[in-house]
Amino acid sequence: MATTHQTHLLLSPLLFLLLLFSPLRGVSAIGINYGTLGNNLPPPKRVAQLLQSTLIDKVKIYDTNPDILQAFSNTGIDLIVAVENSRVSNLSSSPSAADQWFSSRVLPFIPATSVVAIAVGNEYLTADDEDNNSHLDLKSLIQAMQNLHAVLVARGLDRKIKVTTPHSMAVLASSFPPSSSTFALNFIPIMTSIVGFLSDTAAPFMVNAYPYFAFRNNPNSVNLQYALLGNSTGVRDPKGYVYTNMLDAQIDAVRSAINALGFGNKMVEITVSESGWPSKGDAGETAATPENAKTYNTRLIERAQSNKGTPMRPKDKVDIFVFALFNENKKKGGASERNFGIFNGDGSKVYDVDLSCEFCSGGGKLEFGEKVAGVARGPSVWCVAKPHAEEKVVQQVLDFCCGPGGVDCREIYESGDCFGPDKVHAHASYAMNAYYQMHGRNYWNCDFKGTGLVTFSDPSYGTCRYSGQ
Ligand SMILES: *[C@@H]1O[C@H](CO)[C@@H](O)[C@H](O)[C@H]1NC(C)=O
Ligand SMILES: *[C@@H]1O[C@H](CO)[C@@H](O)[C@H](O)[C@H]1NC(C)=O
Ligand SMILES: *[C@@H]1O[C@H](CO)[C@@H](O)[C@H](O)[C@H]1NC(C)=O
């Protein structure tokens, strides 16, 4: 008997370690682009608080605004930061220029802020040089990406932070039919280098894909429902693939163009780094309405959450970043450019899109207009379940904490002070925190297979007290 008991005691921590470190299956959530070309936008801290109670778990920005990087620390939301087009040439000049950029703009904020990728430039290959109206130097792009990657390797951060670059659909020679699409001839050498780099470093190929613009430019030949992600008939590709929406066709067009570069079996994941629909436009832009924007973004979010691939690769889930969080009143170009936002600058919704998240604290009902309790900052730290962590895994963590983990879980049982809300994430947060406090508040005691999050704000509420320092 004694022997059996001993074996059991020895096994438990081992099983727990396996539980902690086995890879976590991807949780489907969605990203959003947080552009800041507006003079009426809320402060980044407020934005971070809002997003924490929604299903959005990835935020992409267009620079390295230190206020934003700071605001997203300890939020459980991943950040994609960017090198502006005008800085690409500087980073391409030498690894030390890239290191200077990284160590002054990103390094001070990690790991509290979870930076998972750096977008080098935005639509760089098809953008103009603002200084002399000619195209930017193409070779600088790949050189800057390589320099940055080398910086990350040297600092042991290359597995956590990926280096990539978002493209416009204009890098393609043609996008239909999807199965025969290729990159424009003048981009083939640079795309060959870029795709090779992404494949070698396991970074995603990013593309900004807008069925809206395809419809706006050809309203007579493009079916509106097809652009709005909802054509029931479908459009047939000569190879037999059937497309019920243009976004899938655009993604597969990019896939075909990548395949045509001849990398054989090398895999590159495709991420839609921007997609959206404006709620307002200039006189000719008749499809830019709040109704269409609501339809498109609702379906886009559903699509992102469905874990579905495209007709060409049904099993390869595609990450999607909605464009955009805010209407940006200082953006140049036509009226639609300033009206892609889901939120107005004052924090009200432009039209109703459901961003609620069933497991999030606050139930995803929080809006900018509502008061957010002041964040108590001090030397104390707590550990809670990440709002977007997969429920199944959180349940396993809860079972561990209250079982072999040795936590006194009476408060989360019925009639305990922390029983309500009766939700796995809430109960697990209580148990994870108790375990974390018990074991000396080391960050590895709040990992829990990637589902734990260290926070500086006291999670206690009502009579439910979370133990602290
Ligand atoms: C790159 O930028 C840094 C920081 O602004 C500057 O110190 C450096 O001289 C620049 N290097 C080149 C080659 O332009
Ligand atoms: C203008 O564009 C060319 C061609 O890419 C580039 O080599 C040059 O450095 C640019 N000049 C300035 C002043 O930015
Ligand atoms: C779907 O798109 C095709 C091609 O544009 C069009 O012929 C068809 O009428 C559309 N179906 C629906 C239900 O909108």
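Remember, it's 1-based here, ligands and their atoms both numbered in the order they're listed.
Ligand-side atoms of ligand 3 in range of Thr233: 1 (C), 8 (C), 10 (C), 11 (N), 12 (C), 13 (C), range being under 4.0 angstrom from any heavy atom. Of all atoms in ligand 1, numbered sequentially from 1 with element shown, those under 4.0 Å from a heavy atom of Asn90 are 1 (C), 2 (O), 3 (C), 8 (C), 10 (C), 11 (N), 12 (C), 14 (O). Residue-ligand proximity, Gln100 to ligand 1, at heavy-atom distances under 4.0 Å covers atoms 3 (C), 4 (C), 7 (O). Which parts of ligand 1 touch Ser93 is read off a 4.0 Å heavy-atom cut-off, strictly below it: atoms 13 (C). Ligand-side atoms of ligand 3 in range of Asn223: 1 (C), 2 (O), 5 (O), 10 (C), 14 (O), range being under 4.0 angstrom from any heavy atom.
Looking at atom 5 (O) of ligand 1, its nearest protein heavy atom turns out to be Arg87 NH1, 4.6 Å. The protein heavy atom nearest to atom 4 (C) of ligand 3 is Val235 CG2, 3.9 Å. Among all protein heavy atoms, the one lying closest to atom 1 (C) of ligand 3 is Asn231 ND2, 1.4 Å.
Thr310 places none of its side-chain heavy atoms less than 4.5 Å from the side chain of Tyr241. Tyr351 places a side-chain heavy atom less than 4.5 Å from the side chain of Ile342.
Note that atom 14 (O) of ligand 1 has protein non-hydrogen atoms nearby, at separations under 4.0 angstrom. Protein heavy atoms are absent from the space less than 4.0 angstrom from atom 9 (O) of ligand 1.
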Could you give me the CA-CA distance, side-chain angles and deciding distance for Phe215 and Tyr296, then say whether ring pair (Phe, Tyr, Trp, His ring centres under 6.0 Å) is met?
CA-CA 13 Å; Phe215 176 80; Tyr296 185 84; over 10 Å; no
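When each of Thr244, Val235, Leu247 is tested with Tyr226 by the rule side-chain contact (heavy atoms from CB on, under 4.5 Å), just one qualifies, namely Val235. Each of Ile194, Val268, Ile188 was scored for a side-chain contact (heavy atoms from CB on, under 4.5 Å) with Leu261, with one residue passing: Ile188. Considering Asn339, Asn329, Asn327 in turn, Asn327 is the only one that fulfils the side-chain contact (heavy atoms from CB on, under 4.5 Å) rule with Asn344.
Smallest separation of non-hydrogen atoms from Ser273 and Met206: OG-CB, 3.5 Å.
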